Trainee: 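Got a structure here, written out as structure tokens. Questions coming.
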Amino acid sequence: MSKADSMNKAASEAASESPTGAEGAHELGEAGAQLSTAPREENAIGGPTLGVVGWIRWFWRQLTSMRVALILLFLLSLGAIPGSLIPQNSVDELKAQAFKDAHETLTPIYEKLQLFDVYGSVWFSAIYILLFVSLIGCIVPRSWQFVGQLRGRPPGAPGRLTRLPAYTTWRSETEPEQIREAALALLKKRGFRAHVAGDAVAAEKGYLREAGNLLFHIALIVMLVAFATGQLFKSEGGKLIVEGDAFSNTLTQYDDFKSGSLFSTDELVPFSFDLDKFTGTYERSGPQRGTPRTFEAAVTYGRPGEAQKKAVIRVNEPLNVDGSKVYLIAHGYAPVVTVKDGKGKVVFKGAVPLLPIDNNITSTGAIKVMDGYRDPKTGKKTQLGFKAFFVPTFAGAGQGNMFSQFPALDFPVMAVTGYTGDLRVDGGLPQNVYQLDTSKMKQFTVGENGQVAQRLIPGETMTLPGGAGSITFEKEIKEWASFQVSQQPGNGLALAGAIAAIAGLAGSLFIQRRRIWVRAVRGADGVTVVEMAGLGRSESTRLPEELGELALTLHAEAPTAPDTPEEPEADEAAVPAEGHEK
Amino acid sequence: MIIAAATNESLAQMSNTLIYSSMAVYTLAFLAHIAEWVFGSRSKVGRTAAALTAPAAAAASVTVQVKGQAGSTAVLDRPKVVTRAAAGRREVPDGPGAAGGTVKGDLYGRIAVSLTVLAFLVEAAGVVTRALSVQRAPWGNMYEFSTTFSTVAVGAYLGFLLAKKNVRWIGLPLVTTVLLDLGVATTWLYTESDQLVPALHSYWLWIHVSTAIFCGAVFYLGAVATLLYLFRDSYEDKLATGGEPGAFARSVLERLPAAASLDKFAYRINAAIFPLWTFTIIAGAIWAGDAWGRYWGWDAKEVWSFITWVAYAAYLHARATAGWKGRKAAYIALIAFGCFLFNYYGVNIFVNSKHSYAGV
Ligand code: HEM
């Protein structure tokens with residue numbers, strides 16, 4: 001390759017897509033430098049020769065290079081894959097447990113590799129922390145560099161404008177100074193930053209590209225900080241409420257509660273609400289019969305000392321009370337039952353929430369009578385328990401199955417089995433309210449043939465043998481809804497970061513950064529030679545168009561000299577096709 | 001109440017008929033495209049080889065554009081702009097297109113485009129009647145996603161044609177995949193027209209799902225361009241190094257746009273859609289915040305959207321990194337689109353995700 005060729009190559013590299021092409025543009029002088037703030041690629045792979053400090057510096061330069069950022073981005077997406085294929089503890093603990101039970105050999109290996117907690121694992125965290133360190137290490141110097149560029153001026157024109165990717169020239173009788181002034185005014189009017197440097201006007205436009213790119217990367221950091229704050233300070237509690245019941249937002253009222261490590265309970269927003277009514281509707285016909293159509297929870301809520309307000313919570317519409325959000329999570333039925341003792345005294349009356357076990361809301365649960373019941377024979381204090389199996393739409397007697405046919409209350413039936421003895425609720429052991437521990441209880445038989453369960457329709461009563469009392473399935477069947485109350489600071493910050501990221505991206509991808517030079521010098525024959533050239537960060541058809549348009553406008557003020565000589569040497573700009581050389 | 005807005009059976013029926021009709025018309029368009037390629041193969045222009053192997057190639061590296069079509073060279077009253085391509089790029093002219101400059105090929109090409117327009121209108125009508133039959137956005141299950149998806153992809157292609165972009169070369173691969181997509185949709189993914197489950201009752205459905213479908217459809221065009229770029233690039237490479245490409249490659253790849261043009265087309269599409277894809281994910285997160293009480297929960301769908309996003313970001317980075325641009329960046333772009341596809345088919349069908357209610 002001849003020297004001229006290599007210079008040509010360097011010049012045209014400046015116009016390649018790559019910001020590192022600007023390196024090649026060093027030979028263009030200042031002109032091609034710093035069209036972007038992207039970090040320079042170090043092609044030398046070998047390590048440093050200087051001791052520890054040298055190594056650290058080398059390591060840092062590697063970490064903050066584009067190449068390593070690219071590799072880390074790759075690793076991040078690769079690392080995210082297993083978490084989507086293996087059940088995660090944090091997403092669905094039951095499913096994860098089922099997987100562990102089913103795969104005895106794999107489980108210990110997976111557990112070692114933290115594959116059940118991918119997104120909180122050491123290795124996944126290491127990738128994204130490295131990536132963000134790289135990002136910060138990249139963004140800080142780039143920002144400084146950009147500020148420097150903003151404070152400086154566009155670089156002066158290179159010696160030979162013909163080498164630039166878009167070029168035009170003509171001869172004019174207008175004075176060079178006049179042309180430069182006209183060009184300066186024109187470029188400034190078009191929003192270029194322009195100044196006269198020597199015999200040429202230097203101009204640059206599209207700084208928003210770089211600004212957008214920096215904004216985008218900074219927004220990524222902001223979003224990460226927002227996520228981290230959210231994780232540390234969040235709280236999330238679940239509560240099941242039967243129609244007509246109330247909830248107030250204190251720790252003790254929750255059925256279950258999780259919080260971030262920096263959360264403190266006095267951050268719970270004080271408010272309360274009553275569940276007035278829950279409404280669920282379902283598709284009545286067609287192949288999707290039984291699919292839910294609406295779920296609505298009507299509530300009355302308020303903060304202490306303030307007027308109560310009405311609201312409806314839907315699946316996509318949580319209630320927001322001062323940053324605490326109340327979500328509708330699940331629902332089910334709570335039949336009202338009355339339990340009487342042998343003397344006819346009511347020992348229990350209330351709605352008993354039952355847990356659905358299928359999509360048609362076949363439900364199960366337990367009714368526990370803890371106090372106030374005495375054994376009819378001995379007169380001693382004892383307890384009663386009932387297992388309840390409930391279907392909102394019964395298939396009909398003799399249909400051979402007790403599962404619900406439809407989720408709405410079309411034909412409610414409840415099968416009840418009674419027990420007496422010790423419910424074992426006083427032992428201090430936490431106990432599931434929906435299950436009965438019958439290990440210390442005796443089952444009642446209720447039929448002539450030794451049956452234990454009896455099917456009831458609303459209004460019916462099952463009498464317990466031996467004057468032990470009765471249980472009535474009342475006509476009223478309530479619904480319950482369960483709610484999740486969550487508080488997560490940092491959401492606003494995350495959203496702001498996200499919006500900034502999109503805005504930055506748009507600026508960074510749709511704006512083209514480019515430089516234009518206009519040189520006007522008096523030729524040997526006394527006629528002014530006007531040369532215009534443009535250089536963009538990437539090759540673009542828009543740049544020659546823009547240059548042509550600018551040239552046209554300038555040409556109106558500095559028309560072509562009448563005796564147009566032969567065309568400018570197009571050959572001068574000719575380069576051998578590089579592909580040909582390769 | 002919602003129950004009142006039961007599905008309108010006759011509209012639903014009409015929608016199905018329209019979708020089937022569009023498949024028939026797409027099939028005709030497919031055949032017309034085949035005819036275009038076949039007749040086009042009779043041209044023996046070989047422009048790429050000439051540009052790459054002739055010693056005169058150097059002269060071709062300067063294109064002279066006369067701004068404003070000044071016409072004669074006698075009085076040059078307007079400055080003309082001389083452009084030079086970057087180094088490392090072969091100065092190769094775009095191929096002549098499928099028709100190869102033949103009259104017959106061009107005729108069939110035009111017929112194919114007209115049929116595609118017709119098929120597009122019929123398919124779009126099918127999607128709209130489906131929406132009308134249920135009075136909601138037609139994006140409640142995979143059948144509906146798939147039909148909208150191909151409608152948008154074809155719409156985007158026709159939009160490019162209308163804007164006089166050089167995209168007719170996409171015609172055949174696009175129509176082929178649209179037929180595949182519709183075939184899969186009508187046979188395996190078909191779901192009766194119906195109402196939505198409560199979790200989908202949100203205006204975010206309109207925002208999030210429409211942008212997701214749009215992104216996918218346009219990313220698809222970018223992926224086709226990237227794939228063709230890879231073929232065309234190795235073809236040009238072979239020619240430039242004095243290799244002897246096979247007859248099929250010579251005939252078909254010769255007629256495609258230059259590798260640099262395909263690459264640029266793919267880049268522009270991917271870069272333009274990337275911010276919209278970012279928006280789609282953010283809109284999804286906001287919706288998840290309303291629907292499930294957390295805006296990000298590493299659900300399979302969320303994970304794969306994220307992976308797709310990171311892969312496209314990696315592609316954009318690769319194009320700015322020495323040693324990665326060109327073919328390597330193109331592979332990343334294809335991987336990124338593969339992630340998008342997996343997120344759609346793979347996650348909906350094979351992976352248990354919170355998004356599974358969307359229905360297969
Ligand atoms: C968290 C990980 C990152 C993500 C998701 C990300 C994403 C992106 C995206 C989408 C673009 C395209 C915008 C454009 O082309 O102008 C971009 C460009 C860029 N990024 Fe990153 N980035 C990340 C980390 C980094 C790091 C660590 C560096 C520093 C080494 C970096 C340096 C750059 C540069 C210089 C550009 C401009 C490329 C060009 O000029 O075309 N990024 N980034």
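Side-chain atoms are counted along with the backbone in the values below, which use heavy atoms only and exclude waters and symmetry mates. These numbers were taken from a predicted model, which means no experiment stands behind them. Proteins come first, then strands; the chains are lettered A, B, ... in the order of their sequence lines, and each starts at number 1.
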Trainee: Among B:F306, B:W296, B:W304, B:W204, who wins on heavy-atom pairs under 4.5 Å with chain A?
Mentor: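 When all of B:F306, B:W296, B:W304, B:W204 are compared, B:W304 has the most.
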
Trainee: Do B:W309 and A:S77 have side chains that get closer than 4.5 Å, going by heavy atoms?
Mentor: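 Not touching, per the 4.5 Å side-chain cut-off.
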
Trainee: So how far is it from B:K328 NZ to A:L70 CG, rounded to the nearest 0.5 Å?
Mentor: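 One finds 9.5 Å between NZ of B:K328 and CG of A:L70.
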
Trainee: Around A:N359, counting heavy atoms of other residues, nucleotides and ligands shown, do more than 12 lie under 6.0 Å from its CG?
Mentor: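 No, the 6.0 Å shell around CG holds no more than 12 heavy atoms from other groups.
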
Trainee: Tell me, do A:F74 and B:V310 make a side-chain contact under 4.5 Å, heavy atoms counted?
Mentor: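 Counting from C-beta outward, A:F74 and B:V310 never come under 4.5 Å.
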
Trainee: What part of B:W324 lies closer than 4.5 angstrom to a heavy atom of chain A: side chain, backbone, both or neither?
Mentor: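 Only the side chain of B:W324 comes within 4.5 Å of chain A.
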
Trainee: Which atoms of B:F279 are under 4.5 Å from chain A, going by heavy atoms: the side chain, the backbone, both sets, or neither?
Mentor: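 Both parts, backbone and side chain.
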
Trainee: Can you tell which part of A:Q488 gets under 4.5 Å to a heavy atom of chain B, answering side chain, backbone, both or neither?
Mentor: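 The side chain, not the backbone.
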
Trainee: Could you tell me which non-hydrogen atom of A:A498 sits nearest to which non-hydrogen atom of B:I282, and how far apart they are?
Mentor: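 Closest pair (atom of A:A498, atom of B:I282, distance): CB-CD1, 3.3 Å.
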
Trainee: For B:W298 and A:Y119, take the angle between the two ring planes, folded into 0 to 90°, and tell me which bin it lands in: parallel under 30, tilted 30 to 60, perpendicular over 60.
Mentor: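 Answer is parallel, since the angle falls under 30°.
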
Trainee: Measuring heavy-atom distances to chain A, does B:A272 have an atom under 4.5 Å in its side chain, in its backbone, in both, or in neither?
Mentor: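 Both backbone and side chain.
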
Trainee: When rounded to the nearest 0.5 angstrom, what is the spacing between CG in A:L73 and CG in B:L316?
Mentor: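 Those atoms lie 10.0 Å apart.
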
Trainee: Which heavy atom of B:H317 sits nearest to which heavy atom of A:H217, and what is that distance?
Mentor: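 Distance-wise, the nearest heavy atoms are NE2-NE2, 3.8 Å.
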
Trainee: So for A:I81, is it side chain, backbone, both, or neither that comes closer than 4.5 Å to the heavy atoms of chain B?
Mentor: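 Backbone plus side chain of A:I81, per the 4.5 Å heavy-atom cut-off to chain B.
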
Trainee: Let me know if B:I286 has heavy atoms under 4.5 Å from chain A in its side chain, its backbone, both or neither.
Mentor: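 Side chain of B:I286 only, per the 4.5 Å heavy-atom cut-off to chain A.
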
Trainee: Distance check, rounded to the nearest 0.5 Å: B:I307 atom CD1 versus A:L76 atom CG?
Mentor: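 Reported value, rounded in 0.5 Å steps: 8.5 Å.
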
Trainee: Do B:W277 and A:L505 come within less than 4.5 Å of each other through their side chains, counting heavy atoms only?
Mentor: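 Counting from C-beta outward, B:W277 and A:L505 never come under 4.5 Å.
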
Trainee: Can you name the nearest heavy-atom pair linking B:V303 to A:S84, along with the distance?
Mentor: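 The answer is CG1-CB, 3.8 Å.
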
Trainee: Could you state the interatomic distance from OG1 (B:T278) to CD1 (A:I499), rounded to the nearest 0.5 Å?
Mentor: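 Separation between the atoms: 13.0 Å.
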
Trainee: For the CG atom of A:N491 and the OH atom of B:Y295, what is their distance to the nearest 0.5 Å?
Mentor: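 Going from the CG atom of A:N491 to the OH atom of B:Y295 covers 4.5 Å.
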
Trainee: Where on A:A494 is there a heavy atom nearer than 4.5 Å to chain B: the side chain, the backbone, both, or neither?
Mentor: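 Contact with chain B involves the side chain of A:A494 alone.
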
Trainee: Please report the closest heavy-atom contact between B:P275 and A:F510, naming both atoms and the distance.
Mentor: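 Residues B:P275 and A:F510, closest heavy atoms: CG-CZ, 4.1 Å.
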
